[in-house]
Amino acid sequence: MTEWKRTHHCGDVSKEYVGQAIILNGWVNRRRDLGQVIFVDLRDRSGLVQIVLDPEVLGPEQFALAERLRSEYVISVQGTVLERPEGQVNKKIATGEVEVQVSKLIILSEAKTPPFQIHQAADVDEALRLKYRYLHLRSKELQDTIALRHQTVDAVRSYLNGQGFLDIETPLLIRSTPEGARDYIVPSRVHPGEFYALPQSPQLFKQLLMIAGFERYYQIARCFRDEDLRADRQPEFTQIDVEMSFVDREEVMNTMEAMIVHVLSEVKGVKVETPIPRLSYQEAMDRFGSDKPDTRFGMELCDVTAHLGGSEFRVFADTAKTGGVVKGLNVRGGADFTRRQIDQLSEQAVSMGAKGLMWFALEADKVRSPIAKFLSEEELIAIQRELAGEVGDLLLLMAGEYDLVSEVLGRLRLQLGKELGLIGENRYNLLWVVDWPLLVYDEDSERFVAAHHPFTAPLDEDIDLLESDPARARAKAYDLVLNGVELGGGSIRITDRNLQERMFRALGFTMEEARAQFGYFLEAFEYGTPPHGGIAFGLDRLVMLLANRNSIRDVIAFPKTVSASDLMIEAPAQVSQQQLDELKINLRR
RNA sequence: GGAGCCGUGGUGUAGUUGGUUAACACGUCGGCCUGUCACGCCGAAGAUCGCGAGUUCGAGUCUCGUCGGUUCCGCCA
């Protein structure tokens, strides 16, 4: 055995080993040089332990070596575990009851002074942290988060493996499809002028695996989308991709909620009550103004249109007349909002597209509101009753088109919920949103497009709406929402050839046109297709929530910036003329 | 594609109404120090204030542009 090879990990050293000779390896986290004795906090991935470098034990030569130690040097130490002297226990670290008296020190690697201190990395400019990502990754926070990610994947795999799912890989070099997100494109050398695309998801392949008879498939799959980024969106990200045969919606949802419950239990020790509540898309929009409601707090939206249709107040009467709605929400205890605060809310509502925001502060002796004088006593009472307004509350009302009013109020609700501290810590509120619209009208292309994708099955009772009223057709689709974040979504797929044809027609193209685009896929369906459906979860988002982070960059070992650059490897980058020549690619300009 | 915020020694920040020596903490380097644990004490080095124009007698500070990071809208399932 090599003389420097470790016998224990730093974070594991405890009173149990007092008196034992051990060898530790790790990085110098901090050094405290007191002259005739040097203390070093030694760090490896398991944690920290204090080592003591004493010239009387080490001898002059070894102590001279110890004096050279600096932050981030990689060392090996032989020594004895000692219980710390009376009154010198450090309660801040797990190994604080003990220390290691070093008898032999080996410097395995010296280190330049790092561009930032590892234990302060959280405050450093993101660009610098990303350039030196391997240093940031040394921080406890990121080490813990990356480990949590591993545990999450492990729990997912063990659950699905136990349920008879097969992990099957699908290709990364595939064919570009015009629908959906922008593709990342890879040129082909062997076929000049032709290109692969990187998958936005393994959607078609997993369905083909069902046709192939694997019945239960999963994959921790890397996906690529060339779209603008956000805190929760990276150009490459990871999905927990699942597909099942001979199942209906219930079975997919039941299996998947059991999986998520298993993960939460294994990784966070959180017990979730099942069944997970379900909301229809319509109800989610009605009550929360969002297709991914955060149900950790109330402040639900309420429709008061019915009470205001005959109002003298033009805004309400006109809204009701033109098929719009008046919706509101109750900010509990918000009556003491200042005029300035309320004006800010109004401005925000307007910037989100609303016409305006009306408000009623319910004070002890009166209703403070710029529009109260335009409303009848009955109308004021109805508004208060519907919104369950009590003295001290602030009622917000908005009039206009249903979608816009709901969405804007939904966003105000979320913002107020955060600002007023209504969202409890360490809560995991799961929610299924079901019965999604099947089709959405796209103003740009002046046609219906698939809300989910073109192979999503409509609800049985809505099939005939495909021709009569496509906008009202609902899908056998489901999204799982955790704390207001869309964790994943899926659907039961169309397996009936005739229905698929009607779907394509509703989308505005003929079977011939569909064949041109998805020929191989549709042909496969003609060779015996089991009923099937599936779902895909955003692994990065899931881990982000479990780790209590605000960005998925924090849960990806080597993430990219908001402009899709990797600052460490400096990608993307130009390639050589020779490479371009081989690919028969000319750059413009 | 659009909007907001940020950019000052290695790091994090301060910098007044535009006024001449750019401040503080951490880190780094040197000295002292035998029980520290955010060690302490003494001393030192280290910045053309992201970059480029402009306004001005004078710009870290004001204006415009640009680059980078970030957040949101559009986009994205």
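Sequence lines set the chain letters: A, B, ... in the order given, protein chains first and strands last, and positions in each chain run from 1.
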Problem set entry | Between B:G35 (P) and A:Gln101 (CD): distance, integer Å |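 Interatomic distance, CD of A:Gln101 to P of B:G35: 14 Å.
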Problem set entry | Euclidean distance, atom CG of residue A:Asp54 to atom C1' of B:C33 [Å, nearest integer] |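 Result: 14 Å.
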If the cut-off is 4.0 Å, is [X] near the phosphate of [N], judged by side-chain N/O to OP1 or OP2?
X: A:Arg30; N: B:C39; result: yes
X: A:Lys112; N: B:G10; result: no
X: A:Arg70; N: B:C29; result: yes
X: A:Arg230; N: B:C73; result: yes
X: A:Thr113; N: B:G10; result: no
X: A:Arg32; N: B:U36; result: no
X: A:Ser563; N: B:G69; result: yes

Which of parallel (below 30°), tilted (30 to 60°) and perpendicular (above 60°) describes [X] and [Y]?
X: A:Phe455; Y: A:Phe521; value: perpendicular
X: A:Tyr17; Y: A:His8; value: perpendicular
X: A:Tyr134; Y: A:Tyr132; value: perpendicular

Heavy-atom donor-acceptor pair, [X] side-chain to [N] base, under 3.5 Å:
X: A:Asp125; N: B:G7; value: no
X: A:Gln117; N: B:G12; value: no
X: A:Arg225; N: B:C76; value: no

For this session: Decide whether a cation-pi geometry holds between A:Arg30 and A:Phe39; the criteria are a distance under 6.0 Å from NZ or CZ to the six-membered ring centre and an angle within 45° of the ring axis.
Result: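 Not flagged: A:Arg30 not positioned over aromatic ring of A:Phe39.
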How far, in whole Å, is [M] from [N] if one measures between their [atom1] atoms?
N: B:G31; M: B:U36; atom1: P; result: 23 Å
N: B:C57; M: B:G74; atom1: C1'; result: 48 Å
N: B:U11; M: B:C49; atom1: C1'; result: 16 Å
N: B:U70; M: B:C75; atom1: P; result: 22 Å
N: B:G46; M: B:A22; atom1: C1'; result: 14 Å
N: B:C26; M: B:G9; atom1: C1'; result: 12 Å
N: B:A3; M: B:U66; atom1: P; result: 11 Å
N: B:U61; M: B:U17; atom1: P; result: 15 Å

At under 4.0 Å between heavy atoms, what does [X] touch on the DNA or RNA strands: base, sugar-phosphate, or nothing?
X: A:Ser201; answer: nothing
X: A:Gly96; answer: nothing
X: A:Gln200; answer: sugar-phosphate
X: A:Glu99; answer: base
X: A:Gln120; answer: sugar-phosphate
X: A:Pro115; answer: sugar-phosphate
X: A:Ala451; answer: base
X: A:Ile93; answer: nothing

Which of these nucleotides, [options], is closest to any side-chain atom of [X]?
X: A:Arg233; options: B:C76, B:G27, B:C72; result: B:C76
X: A:Arg553; options: B:U70, B:G30, B:U34; result: B:U70
X: A:Gln36; options: B:U28, B:C73, B:U34; result: B:U34
X: A:Leu128; options: B:C76, B:U11, B:G35; result: B:U11
X: A:Glu126; options: B:U11, B:G69, B:C39; result: B:G69
X: A:Arg411; options: B:U36, B:C73, B:A77; result: B:C73
X: A:Val562; options: B:C73, B:G69, B:U70; result: B:U70
X: A:Asp228; options: B:G69, B:C75, B:C76; result: B:C75

Under 3.5 Å on both distances, the Watson-Crick or G-U partner of [N]:
N: B:C76; value: none
N: B:G7; value: B:C67
N: B:A45; value: none
N: B:C62; value: B:G54

Exercise. What distance separates A:Met568 CE from A:Arg133 CZ, expressed to the nearest 0.5 Å?
Worked result: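 So the CE of A:Met568 and the CZ of A:Arg133 are separated by 9.0 Å.
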Exercise. For A:Gln207 and A:Gln203, does a side-chain donor sit closer than 3.5 Å to a side-chain acceptor?
Worked result: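 Indeed, the side chains of A:Gln207 and A:Gln203 share at least one donor-acceptor pair under 3.5 Å.
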Problem set entry | Ring centroids of A:Phe116 and B:U11 base under 5.5 Å with planes under 30° |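 Per 5.5 Å and 30° rule: no stacking.
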Sub-4.5 Å side-chain heavy-atom contact between [X] and [Y]:
X: A:Thr456; Y: A:Leu438; value: yes
X: A:Asp294; Y: A:Asn429; value: no
X: A:Ser109; Y: A:Tyr73; value: no

Exercise. Start at the 5' end of RNA chain B and walk down; is the nucleotide closest to A:Gln50 or to A:Ala127 reached first?
Worked result: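 It is A:Gln50 whose nearest nucleotide is closer to the 5' end.
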Exercise. Given that A:Phe39 and A:Asp33 both sit by RNA chain B, which one's nearest nucleotide is further toward the 5' end?
Worked result: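 On the 5' side of the pair lies A:Phe39.
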